[in-house]
Amino acid sequence: MTAGPRPRTQLLKVQNFNVSADGIAAGEDQTLERPFGHVDPGRLFAWAGATASWPNRTDPGGSRGLDDHLVRDFHHNIGAEIMGRNKFGPVRGPWQDEEWKGWWGEEPPFHTPVFVLTHHPRPSLTLSDTTFHFLDADPATALERAKGAADGKDVRLGGGVTTIRSFLDAGLVDTLHVVVSPVKLGTGLKLWDAPEDLTDRYHLDVVPSPSGVTRHLFWRK
């Protein structure tokens, strides 16, 4: 008797996560007006905004090639997302009310269940085809919940830096695609001191792009 195909393993993936040449992904002192703190996100994300497939593009044109492919591939086989509370919004401490619904308006770009890690849970929130669930949970428990909601698909770990590092420390991340932009920011929240910080646990391929960014592709050893 021939055995059937093995079930596909659900992966926890970091995708298109941007850092500076000195490893910084966001600034400190986040506010409503400055979601990335003192860091100008345009300096990190310029490569994505220049692509033909950038979802916020309002004019024709844009680049093709590797950058464009990875922008288009962002949602492929993703069934759920996990994010930290600071990615969801600038509110700190207990929720004073439930008026804050995220940075993205009535049409969030996720189109899947999203699990927001917070020490102050609140009722789930549905906007269009995205439902945000608020969990006070350790990384392993959050991942179990997200995989259960992903309908067999992969789970994306969306950030921010502190959340990604906590899942890395727990040994839960299967693949990472980190985009290093050729700018130095000096201060802020660091993903690493150098990409080699992760090579004790991951294989690494480094792929330069014509846009000037360098892509670091990690997969578990």
Side-chain angles (χ1 to χ4, degrees), residues 7-18 25-26 30 32 35-36 41-42 44-60 62-64 66-91 95 98-118 121-137 139 141-161 163-164 167 172-179 215 217:
R8 184 186 180 280
T9 300
Q10 286 178 280
L11 301 177
L12 179 63
K13 305 170 72 172
V14 175
Q15 295 179 293
N16 296 1
F17 191 76
N18 281 244
Q30 181 192 51
L32 178 62
F36 283 77
L44 298 180
F45 295 101
W47 69 271
T51 65
S53 298
W54 181 241
N56 297 328
R57 175 171 293 283
T58 57
D59 56 324
S63 66
R64 294 292 183 180
L66 178 61
D67 289 351
D68 187 63
H69 167 76
L70 289 166
V71 169
R72 284 186 283 113
D73 195 54
F74 188 66
H75 294 290
H76 178 68
N77 202 52
I78 296 297
E81 170 145 345
I82 298 170
M83 67 173 64
R85 178 170 171 175
N86 291 2
K87 181 175 177 179
F88 181 75
V91 182
W95 302 95
E98 296 171 9
E99 292 188 5
W100 179 259
K101 298 180 180 180
W103 304 103
W104 307 280
E106 295 297 321
E107 295 284 340
F110 306 102
H111 314 295
T112 67
V114 176
F115 294 85
V116 181
L117 301 183
T118 173
R122 56 182 271 190
S124 297
L125 166 69
T126 298
L127 297 170
S128 186
D129 57 355
T130 297
T131 297
F132 295 95
H133 304 283
F134 301 87
L135 298 182
D136 183 4
T141 302
L143 180 57
E144 183 178 4
R145 283 284 304 273
K147 283 185 173 180
D151 195 25
K153 295 181 179 181
D154 295 329
V155 176
R156 179 169 54 234
L157 184 58
V161 179
T163 298
I164 290 177
F167 278 78
L172 297 173
V173 179
D174 295 297
T175 68
L176 301 89
H177 168 218
V178 181
V179 183
R215 303 186 176 280
L217 307 170

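Keep in mind that this is a model prediction, so the values were computed, not measured.
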Colleague: Just wondering, do Phe17 and Ile164 contact through their side chains at under 4.5 Å, heavy atoms?
Modeller: yes

Colleague: Does Gln10 use its side chain to pair, donor to acceptor, with the backbone of Lys147 at less than 3.5 Å?
Modeller: yes

Colleague: Take a 6.0 Å sphere around CD of Glu98 and say whether it holds more than 12 heavy atoms from other residues, nucleotides or ligands.
Modeller: yes

Colleague: Are Phe110 and Phe74 near enough that their ring centres are under 6.0 Å apart?
Modeller: no

Colleague: Report the residues that fulfil side-chain hydrogen bond (donor to acceptor under 3.5 Å, both in side chains) with Glu106, sequence neighbours left out, ordered by chain and then residue number.
Modeller: none

Colleague: List the steps, then state whether side-chain contact (heavy atoms from CB on, under 4.5 Å) holds for Thr112 with His75.
Modeller: CA-CA 10 Å; Thr112 67; His75 294 290; over 6 Å; no

Colleague: Does a donor on one side chain sit under 3.5 Å from an acceptor on the other, for Ser53 and Asp68?
Modeller: yes

Colleague: Output all residues satisfying ring-ring contact (aromatic ring centres under 6.0 Å, His included) with His177, sequence neighbours left out; order by chain, then residue number.
Modeller: none

Colleague: Does Thr51 use its side chain to pair, donor to acceptor, with the backbone of Trp54 at less than 3.5 Å?
Modeller: yes

Colleague: I'd like to check the salt bridge (charged side-chain N to carboxylate O under 4.0 Å, His left out) partners of Arg145; sequence neighbours left out, ordered by chain and number.
Modeller: none

Colleague: Indicate yes or no: at least one non-hydrogen side-chain atom of Phe88 is less than 4.5 angstrom from one of Val114.
Modeller: no

Colleague: Go through the structure and list residues passing ring-ring contact (aromatic ring centres under 6.0 Å, His included) with Trp103, not counting sequence neighbours.
Modeller: Trp100

Colleague: Which heavy atom of Trp95 sits nearest a heavy atom of Pro121, and at what distance?
Modeller: CD1-O, 4.2 Å

Colleague: Closest approach of Val71 and Pro55, non-hydrogen atoms and distance?
Modeller: CG1-CD, 4.3 Å

Colleague: Identify the two heavy atoms, one from Gly79 and one from Pro113, that lie closest to each other, and give their separation to 0.1 Å.
Modeller: O-CD, 3.3 Å

Colleague: Is the charged tip of Arg215 near the ring of Trp47: under 6.0 Å from the six-membered ring centre and within 45° of its axis?
Modeller: yes

Colleague: Taking Thr131 for its side chain and Thr126 for its backbone only, find out whether a donor-acceptor pair lies under 3.5 Å.
Modeller: no

Colleague: Got Leu143 and Leu12 here, is their nearest side-chain heavy-atom distance under 4.5 Å?
Modeller: yes

Colleague: Quick one: does Arg72's side chain have a donor or acceptor within less than 3.5 Å of a partner on Ala52's backbone?
Modeller: no

Colleague: Counting N and O atoms only, with roles assigned by atom type, does the side chain of Glu107 sit under 3.5 Å from a partner on the main chain of Ser128, one being a donor and the other an acceptor?
Modeller: no

Colleague: Examine distances only and state if a side-chain atom of Asn16 and a backbone atom of Leu70 form a donor-acceptor pair shorter than 3.5 Å.
Modeller: yes

Colleague: Determine whether more than 12 heavy atoms belonging to other residues, nucleotides or ligands lie under 6.0 Å from atom CG of Asp129.
Modeller: yes

Colleague: With the side chain counted from C-beta on, respond yes when Met83 and Leu117 share a heavy-atom pair under 4.5 Å apart, and no when they do not.
Modeller: no

Colleague: Does anything in residues 78-88 pair up under salt bridge (Lys or Arg N to Asp or Glu O under 4.0 Å), and if so which pairs, sequence neighbours excluded?
Modeller: Glu81-Lys87, Glu81-Arg156

Colleague: What closest approach, in Å, do Ala25 and Asn18 show between heavy atoms, and which atom pair accounts for it?
Modeller: CB-O, 3.4 Å

Colleague: Under a 3.5 Å distance rule, please check whether Asp174 uses its side chain to pair with a backbone N or O of Leu11 as donor and acceptor.
Modeller: no

Colleague: Can you tell me how far apart CG (Leu176) and CG (Leu217) are? Round to the nearest 0.5 Å.
Modeller: 9.5 Å

Colleague: Hey, mind stepping through Phe115 and Phe134 against ring-ring contact (aromatic ring centres under 6.0 Å, His included) and telling me if it holds?
Modeller: CA-CA 6 Å; Phe115 294 85; Phe134 301 87; over 10 Å; no

Colleague: Is any side-chain heavy atom of Val155 closer than 4.5 Å to one of Leu157?
Modeller: no

Colleague: Does any non-hydrogen side-chain atom of Val14 lie less than 4.5 Å from one of Thr175?
Modeller: no

Colleague: If the plane angle is over 60° it's perpendicular, under 30° parallel, otherwise tilted; pick one for Phe132 and Trp104.
Modeller: parallel

Colleague: Can you list the residues that meet the ring-ring contact (aromatic ring centres under 6.0 Å, His included) rule with His69, with sequence neighbours excluded?
Modeller: none

